[in-house]
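Okay, structure first, notes after.
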Amino acid sequence: MKLVIETSRPIAQVAKELGIHEATLGNWVNVYRREHAGEEPALTVSERARLRELEREARELRLENEFLKKAAAYFAKDHR
């Protein structure tokens with residue numbers, strides 16, 4: 001469970017590595033998070049700045065991905 005909580009690794013990946021069912025690990029993680037809600041330290045200024053940067057980058061990548069999907073569909077349709 002610490003592998004998921006402390007490293008933010010995906011539950012599916014950790015469950016596979018440990019040889020346990022994904023739903024079981026997911027339940028354990030959810031119980032832990034409920035029992036320890038509010039114990040997580042607040043983000044530092046640099047962590048907040050990094051989070052904003054990552055969110056901005058994610059938005060840009062989503063827009064680029066949508067554009068590429070539309071371009072691929074356009075060229076696939078017109079050049080057959």
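If you're wondering where the values come from, they're calculated on a predicted model, not measured in any experiment. Just the heavy atoms: all of them, side chains too, but no hydrogens, waters or symmetry mates, feed the values below.
Applying the ring pair (Phe, Tyr, Trp, His ring centres under 6.0 Å) definition to pairs two or more places apart or across chains, those involving residues 4-35 are Tyr32-His36.
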Side-chain atoms of residues 55-63: list all donor-acceptor pairs with protein atoms under 3.5 Å, sequence neighbours left out, distances to 0.1 Å.
unit_1, atom_1, unit_2, atom_2, d
Arg56, NE, Glu53, OE1, 3.4
Arg56, NH1, Glu60, OE1, 3.1
Arg56, NH1, Glu60, OE2, 2.2
Arg56, NH2, Glu53, OE1, 3.4
Arg56, NH2, Glu53, OE2, 2.3

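Note that CG of Leu18 and CD of Gln13 are 10.5 Å apart. Values are rounded to the nearest 0.5 Å. A distance of 11.5 Å separates CG in Leu3 from CD1 in Ile11, rounded to the nearest 0.5 Å.
Across every non-hydrogen atom of Glu22 and Ala15, the tightest pair is CA-CB, 3.7 Å.
In this structure, Arg9 pairs ionically with Glu17, as a charged nitrogen and a carboxylate oxygen lie closer than 4.0 Å. At a threshold of 4.0 Å, the pair Arg50-Glu47 does not count as salt-bridged, since none of the basic side-chain nitrogens sits closer than that to a carboxylate oxygen.
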